[in-house]
Chemist: 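Dropping a structure here in structure tokens format, bear with me for questions.
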Amino acid sequence: MNTTNPRVRFAPSPTGMLHVGNARTALYNWLFARRAGGVFLLRIEDTDLERSEERYEAQLMEDLRWLGLDWDEGPADADSGEKGEFGPYRQSERLAIYAEHTERLLNEGKAYPCFCTPEELEAERKQAVAGHGPQVYSGRCRTLDQTTIDENLAAGKPFAVRLKIEDHPLRFHDLVRGPVEFAAETVSDPILVRSATGGAGGMSEGIPVYNYVVTVDDALMEITHVIRGDDHISNTPKQVAIYEAFGWPVPEFAHLSTILGADRERLSKRHGATSISTFREMGYLPEALVNYLALLGWGAEDGKTETFTLEELTQAFSLERVTPSPAIFDFDKLNWLNRHYLKQAEPERLATLSWGYFSAQMAGADPAAVHTWFLQLLALFVPAVDHLDQLPATSAPVFGFDAEAARANEENAAVLAADSARTVLSELANRVRAHQGRVAPEAFKEWMNEIKAATGVKGKELFHPVRIAITGAHSGREFDKLLPLIEDGAALGINIPSVRQRIERFVGV
RNA sequence: GGCGCUAUCGUCUAGGGGUUAGGACGUGAGAUUCUCAAUCUUAAAACACGGGUUCGAUUCCCGUUAGCGCUACCA
């Protein structure tokens, strides 16, 4: 095995959205390759013709690119031609290769045709369960004599191709878990190629199965380290047997633990966002997601560092430090990381990423004309969100003011019921009445000082009622930044009520 | 049922035969800002259980339990 120049692959099947679990597998593969100066390749596992869809394949590549995970070899798509010397990189385009290899195995007596029907196999399985024995294929067709085989073939009986499992333990080495061993009698002779029944089996007729093609491809593509989910551990002995049948070297394996939801069950849509594209739509930054995924099952050598750029990760990553135990996906920690990267993001980048969320509020506005103001808005509100799609809700008090709702709100009502609140608001109303035109932030600040002096009310008692009269809520962003934002926005022709209009509506000047 | 994988604070993890079992998220408290948030300080919080091995196990071994995976002519 070539350890100086490792080759690893990410081999998703295009049957759905790229899930965080798979994304983490892709990341670890990529990190391992980049760290070691090796090759990272992308292979599309579309042998499940029924479920594979082209749009998923395109989405997958887009998601990978968004995360910053580029591949050295892989299939052609809209953005680039096929890369690499080991193609094709789509399994559906490699059928002839598999057929050739199946022929070889059959000729060498390492595989055999199996004429058992699904019904027969099902009956065997039921019997095994009833007898508390392992559910393995009996090997009935393994010992068929040539005459019977020829007769069956001549009669046009459909058959699957099975591999003969040798009678010795199947071992492999796992970089995350150490040596793993399976007794031969616990591994059935696996199906390599599905039978062709003449239509009854649907589109998959005669198509080789996953365990077989994955092994052929990994060997032919000279993969040195197979890094994948731990749901493949039980498949690995079958694959090891296939390597052995062909006389190919067995690669190193690294099986990554499952990502679970808060209820300790496999993470699924039920737990909230799980697909990469959803996180993107919600306004998570790719660097936050990458950082979080890296931490989910791996830790820095110092045991302390939490934030890593992709660059830093490639320096620090090693498979030896990957933990074997399953990890629960923690949205709180992801949010913390996202806030961390949001703070560091360039304002212009944030503007580009956020603009789309405000299509309702900014309807009809000229993006160029409101750009500076929009940056101002983001500077004030981005620090208050976990992810960008929360921006419209968090900044809603800027864009509109509902005096009725403000008064009706229970918490507000409690604040407004205080004598001090009434005094403060009437003082405020007096000043608005006496003042002409726009309420300048400087003037407002002066008013607040005057009211404080005149009434003796200060702190919460002073600011909460005023805040309600202007924003409809007793808490929010700092007044000295919020007021100019509202006033500038009102002057810009976006549909934003001015400070004066708000106070007038609320106090009824 | 069979086989396999896993087991340190609520969560992600560091550590490792003798440690005050470390960090981070989250949570509580305090400071601060008009408030909330943010920030800073601080507190509470863990070696699943039972047997070995050993002078000594959270650490090594075995078992139990629990969780998860595979047990397909899915990937």
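Nothing here was measured: the structure is a model prediction, and the numbers come from that model.
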Chemist: Please state the C1' separation for the pair B/G51 and B/U65 - nearest whole angstrom.
Modeler: 14 Å
Chemist: Return whichever of A/E265 or A/R24 has its heavy-atom-nearest nucleotide of RNA chain B closer to the 5' end.
Modeler: A/R24
Chemist: Please determine, for B/A43, whether a Watson-Crick or G-U wobble partner exists with both distances under 3.5 Å, and give it or none.
Modeler: B/U27
Chemist: Looking only at N and O atoms, is any donor in the side chain of A/N235 or the base of B/A75 less than 3.5 Å from an acceptor on the other one?
Modeler: yes
Chemist: Looking at every non-hydrogen atom in both residues, tell me the closest pair between A/R177 and A/L256 and how far apart they are.
Modeler: NH2-C, 3.8 Å
Chemist: What does A/T15 touch in the nucleic acid at a heavy-atom separation under 4.0 angstrom: a base, only the sugar-phosphate, or nothing?
Modeler: nothing
Chemist: At 4.0 Å (heavy atoms only), tell me whether A/R228 reaches a base, stays on the sugar-phosphate, or touches nothing.
Modeler: nothing
Chemist: Which value, rounded to the nearest 0.5 Å, describes the distance between A/I242 atom CD1 and A/H101 atom NE2?
Modeler: 12.0 Å
Chemist: In the structure shown, which nucleotide is the Watson-Crick or G-U wobble counterpart of B/C68, with both distances under 3.5 Å?
Modeler: B/G4
Chemist: Using atom P in both nucleotides, what's the gap between B/A7 and B/A14 to the nearest angstrom?
Modeler: 10 Å
Chemist: Considering residues at least two apart in sequence or located in another chain, which fulfil the salt bridge (Lys or Arg N to Asp or Glu O under 4.0 Å) criterion with A/K157?
Modeler: none
Chemist: If you look at every strand shown and take non-hydrogen atoms under 4.0 Å, does A/E478 touch a base, only sugar-phosphate, or nothing?
Modeler: base
Chemist: With the threshold set at under 4.0 Å for non-hydrogen atoms, list the residues of residues 338-347 of chain A touching RNA chain B in residue-number order.
Modeler: A/R339, A/K343
Chemist: Using the side-chain heavy atoms of A/T323, tell me which of these nucleotides is nearest: B/A14, B/C34, B/C73.
Modeler: B/A14
Chemist: Would you compute the distance between atom CD of A/E120 and atom OG1 of A/T117 and round it to the nearest 0.5 angstrom?
Modeler: 3.5 Å
Chemist: With rounding to whole Å, what would you report as the distance between B/U33 and B/A37 at their P atoms?
Modeler: 15 Å
Chemist: Could you list the donor-acceptor pairs under 3.5 angstrom formed between side-chain atoms of residues 11-21 of chain A and any protein atom two or more places apart in sequence or on another chain?
Modeler:
from, atom 1, to, atom 2, distance (Å)
A/H19, ND1, A/G21, N, 3.0
A/H19, NE2, A/L267, O, 3.4

Chemist: Applying side chain to side chain donor-acceptor pair (under 3.5 Å), can you list everything that pairs with A/E122, at least two apart in sequence or on another chain?
Modeler: A/R125
Chemist: With a non-hydrogen cut-off below 4.0 angstrom, is A/G297 in contact with a base, only sugar-phosphate, or nothing?
Modeler: sugar-phosphate
Chemist: Using 30° and 60° as the class boundaries, would you call the ring planes of A/F253 and A/Y243 parallel, tilted or perpendicular?
Modeler: perpendicular
Chemist: Enumerate the side chain to side chain donor-acceptor pair (under 3.5 Å) contacts for residues 292-303 of chain A, please, sequence neighbours excluded, ordered by first and then second residue.
Modeler: A/D302-A/T305
Chemist: Using the side-chain heavy atoms of A/A160, tell me which of these nucleotides is nearest: B/C73, B/A75, B/G10.
Modeler: B/C73
Chemist: So what does A/C114 touch, heavy atoms closer than 4.0 Å: a base, only the sugar-phosphate, or nothing?
Modeler: nothing
Chemist: Could you check whether A/E45 gets within reach of a base, just the sugar-phosphate, or nothing at all, counting any heavy atom under 4.0 Å?
Modeler: sugar-phosphate
Chemist: Can you sort out the partners of A/W447 under ring pair (Phe, Tyr, Trp, His ring centres under 6.0 Å), two or more places apart, ordered by chain and number?
Modeler: A/H435
Chemist: Which residues in residues 377-388 of chain A have at least one heavy atom lying under 4.0 Å from any atom of RNA chain B?
Modeler: none
Chemist: Within the sub-3.5 Å range, which N or O atoms of nucleotides 3-9 of chain B have a protein N or O partner, and how far apart are they?
Modeler:
from, atom 1, to, atom 2, distance (Å)
B/C5, O2', A/R177, NH1, 2.3

Chemist: Answer with base, sugar-phosphate or nothing: what part of the nucleic acid does A/H232 contact at a heavy-atom distance below 4.0 Å?
Modeler: base
Chemist: Just checking A/K304: base, sugar-phosphate only, or nothing, at a heavy-atom cut-off of under 4.0 Å?
Modeler: sugar-phosphate
Chemist: Could you work out, with side chain to side chain donor-acceptor pair (under 3.5 Å) as the rule, every residue matching A/E446, not counting sequence neighbours?
Modeler: none
Chemist: Just one of A/Y341, A/F331, A/F279 clears the ring pair (Phe, Tyr, Trp, His ring centres under 6.0 Å) bar with A/Y284, so which one?
Modeler: A/F279
Chemist: If I pick the C1' atom on B/U58 and the same atom on B/G4, what distance separates them, to the nearest angstrom?
Modeler: 25 Å
Chemist: Please check the phosphate of B/A75 (OP1 and OP2 only) for any side-chain N or O of A/R51 closer than 4.0 Å.
Modeler: no
Chemist: So which atom in A/F10 and which in A/N22 form the shortest heavy-atom distance, rounded to 0.1 Å?
Modeler: CE1-O, 3.3 Å
Chemist: Write down the distance separating the P atoms in B/C36 and B/C60, rounded off to the nearest Å.
Modeler: 48 Å
Chemist: In whole Å, measure the gap between the P atoms of B/U19 and B/A72 for me.
Modeler: 50 Å
Chemist: Not counting sequence neighbours, which residues clear ring pair (Phe, Tyr, Trp, His ring centres under 6.0 Å) with A/W71? List them please.
Modeler: none
Chemist: Can you measure from CZ (A/F463) to CZ (A/F479) and round to the nearest 0.5 angstrom?
Modeler: 7.0 Å
Chemist: Base, sugar-phosphate, or nothing for A/S195, non-hydrogen atoms under 4.0 angstrom?
Modeler: base
Chemist: Mind checking what makes side chain to side chain donor-acceptor pair (under 3.5 Å) contact with A/T102, not counting sequence neighbours?
Modeler: A/Y212
Chemist: Expressed as a whole number of Å, how far does the P atom of B/C40 sit from that of B/G26?
Modeler: 11 Å
Chemist: Considering only the P atoms, how many Å lie between B/A66 and B/G18, rounded to the nearest integer?
Modeler: 32 Å
Chemist: Set out, line by line, the N/O atom pairs under 3.5 Å between protein and nucleotides 61-63 of chain B.
Modeler:
none

